[in-house]
Each structure stands twice: as C-alpha cells, then as structure tokens.
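What follows is a single structure, written as structure tokens, with notes after it.
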Amino acid sequence: MQLHIFKDAEETTIALADWIAALIQKTLEVNDRFTIALSGGETPKKLYQTLGAYPYIEKINWKKLHVFWGDERFVAFEDQNNNAKMAYDSLLSHASIPSDQIHKISTDISPQESVEEYSKILYKYFDNKQATFDLVLLGMGDDGHTLSLFPGSENLSDNNSWVKAINSKEKGERITLLPSVVNQSSAIAFLIAGEKKAPVLKKVLEEQEQKYPAQLIQPLNKELHWFIDREAAKFLKGN
Ligand code: 6PG
C-alpha cells in the first residue's frame with residue numbers, strides 16, 4: 001500500500017491524473033486494452049473534468065479504454081445523482097471511447113436483473129483471467145463506506161458473487177461491485193479529500209480491527225494507492 005499526500009485537493013487531483021495516464025500508457029505497451037472502473041460521488045468529478053481536458057484528452061489513447069463503474073445509485077441515467085451521468089458530463093462525452101466499450105450499470109430494469117446483466121458482462125471480460133480490472137477508482141464516505149458497501153451491510157465478503165444489489169435505508173437502492181472482484185484488480189486507487197474524511201481515514205488506515213468496508217479493499221497483488229490531500233491526512237501518523 002502506498003500513501004500519496006498532497007497539499008490540497010487540486011494538487012492531489014493532478015497527481016492522480018498523471019498517475020492514471022502513466023499507468024494506461026505502461027499497460028497498453030503490453031496489452032491491447034485498458035479496463036477501468038470509475039467511482040461516483042462528488043470527489044472524482046474534478047478528476048474526470050481534468051482527464052477530459054488538455055493535456056490528458058490528447059495524450060491518453062481513449063480508443064483502447066473499456067469503462068465500467070464500481071457502483072450505481074438506482075436512479076434513472078438522467079438523474080443528477082446517477083454516477084454514470086456524472087462521468088459522461090465531466091469526461092466521457094469529451095473522450096473518444098467507442099460506445100460499446102462503455103458499460104453502464106442499468107437502472108431501467110429491476111435491481112436483480114441489473115445485477116445479472118452486469119455480472120454477465122464482467123464474466124465475459126474477466127472470467128478465468130489472471131486479474132480483473134487494470135484499475136479501480138474508489139472514494140470513501142466519512143462513515144468508512146466505499147463503493148456502495150456500507151457499514152453493517154450483510155455478506156460484503158461473499159466470494160461467490162461479483163455484484164450485489166444493496167438497499168440502504170440512508171442511501172437508497174444501489175448496485176455495487178463486491179471486494180471479491182475488486183481485490184483481483186491490477187491496481188486500485190482511492191481519492192480522498194477534505195477534513196470531513198480525516199477521522200475515519202485514520203481508523204481505516206491505522207486500526208487493525210476490520211470495522212469499515214473500505215478496509216475490505218485489499219488487492220491480492222498489494223497495488224493499493226491512496227491519493228489524499230493534507231486536510232484528509234491531518235490525523236495520520238507522521239502528518
Ligand atoms: C457513490 C460512491 C461512494 C463515494 C463515497 C464518497 O456512489 O456514492 O461510489 O462510494 O465514493 O460516498 O463520496 P464523496 O466523494 O461524494 O464524498
């Protein structure tokens with residue numbers, strides 16, 4: 001695991017954009033595609049806007065990208081709270097990624113049908129493969145949730161499934177990837193900004209006891225990167 005701490009959210013975002021562009025370039029030297037799972041929420045919006053503009057919009061080989069989502073709020077694509085809509089508005093509508101390489105989590109069918117549909121797509125891509133995604137981007141709530149894996153949710157460590165429908169009283173219906181498929185990825189990067197996240201970030205990174213869903217993210221190959229701004233890092237040892 002590596003911590004990458006920067007003075008503010010903007011510097012952290014640029015550093016992550018550079019790191020992503022370099023990882024894509026390195027991967028495409030040996031593979032003919034790059035598979036990425038995007039995160040939702042507020043924090044990554046600036047990152048997507050940055051990747052959707054110069055210089056990244058010119059230097060990244062977008063045609064080779066295959067895009068997925070880590071989770072989705074069960075609202076229509078047109079809804080402001082839809083993670084796919086946010087990514088389209090801030091990045092995908094500007095990048096020349098072939099539309100059949102963009103795999104939204106469907107919210108116009110039942111949650112169970114959506115779980116089955118998304119699972120089928122993932123098995124087609126990754127079943128019997130050494131690793132799953134080349135990169136998974138994650139965020140974390142100030143309660144220590146990540147993806148739509150909330151504290152107290154059941155069966156988060158189910159290793160037989162890759163996708164799950166969650167119905168959280170607080171956050172509503174969601175479709176989410178499970179740690180089982182995320183931890184088989186080649187690389188995982190959290191983007192964390194703002195002092196609101198500081199108390200739980202200290203617990204997630206420094207406490208042994210596994211109380212927070214974000215602690216379930218432990219890639220088999222240890223390629224786990226935390227991109228954090230100084231405010232969020234303020235309680236971490238040595239900071
Ligand atoms: C979602 C996300 C979720 C997010 C955290 C942090 O769909 O909401 O995938 O896991 O990363 O809630 O959200 P913020 O960046 O808005 O704080």
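Both counts, for ligands and for their atoms, begin at 1 and track the order of listing. Fair warning: this is a prediction, and the values are worked out from it, not measured in the lab.
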query = Starting from atom 4 (C) of ligand 1, which protein heavy atom do you reach first, and at what distance in Å?
reply = G40 O, 3.9 Å

ask   = Is there any N or O on T146 that sits under 3.5 Å from an N or O of ligand 1?
value = no

task = Check D143 against F150 and note the closest heavy-atom contact, atom names and distance.
result = OD2-CD2, 4.4 Å

Protein residue, atom and distance nearest to atom 9 (O) of ligand 1, heavy-atom basis = D71 OD1, 2.7 Å

query = Given the rule in the side chain to side chain contact (heavy atoms under 4.5 Å, CB included) test, do L178 and L216 qualify, once you have shown the distances and angles that lead to the verdict?
reply = CA-CA 9 Å; L178 289 170; L216 297 171; over 6 Å; no

message = Name the residue from E173, R174, E72, K171 that meets the side-chain hydrogen bond (donor to acceptor under 3.5 Å, both in side chains) definition with S148.
response = R174

query = In terms of residue, atom name and distance, what is the protein heavy atom nearest to atom 10 (O) of ligand 1?
reply = L147 O, 2.6 Å

note = Ranking M86, R174, H145 by closest non-hydrogen atom to atom 5 (C) of ligand 1, top hit is H145

key: Side-chain donor/acceptor of S180 to backbone N/O of S161, under 3.5 Å   = yes

Distance from atom 16 (O) of ligand 1 to nearest protein heavy atom, with residue and atom = E42 N, 2.7 Å

N or O contact, K197 vs ligand 1, cut-off under 3.5 Å = yes

request  = Report yes or no: is the cationic atom of K104 (NZ for Lys, CZ for Arg) closer than 6.0 Å to the six-membered ring centre of F77, at no more than 45° off its axis?
outcome  = yes

message = Pairs of nitrogen or oxygen atoms closer than 3.5 Å, one from L138 and one from ligand 1: do any exist?
response = no

remark   = the protein heavy atom lying closest to atom 13 (O) of ligand 1 turns out to be G41 CA, 4.0 Å

ask   = Would you say K196 touches ligand 1, if touching means a heavy atom closer than 4.0 Å?
value = no

Nearest-neighbour protein heavy atom for atom 11 (O) of ligand 1, which is reported as residue plus atom name and distance = G139 CA, 3.4 Å

ask   = Below 3.5 angstrom, do we get any N/O pair linking R73 and ligand 1?
value = yes

task = If the plane angle is over 60° it's perpendicular, under 30° parallel, otherwise tilted; pick one for W19 and H225.
result = tilted

Aromatic contact, Y123 with W162 (centres under 6.0 Å) = yes

ask   = Hey, what's the ring geometry for F68 with F126, parallel, tilted or perpendicular (30° and 60° as the breaks)?
value = tilted

ask   = Does atom NZ of K169 have more than 12 heavy-atom neighbours, drawn from other residues, nucleotides or ligands, at distances under 6.0 Å?
value = no

ask   = With a 4.0 Å heavy-atom cut-off (strictly under), which part of T43 contacts ligand 1: side chain, backbone, both or neither?
value = both

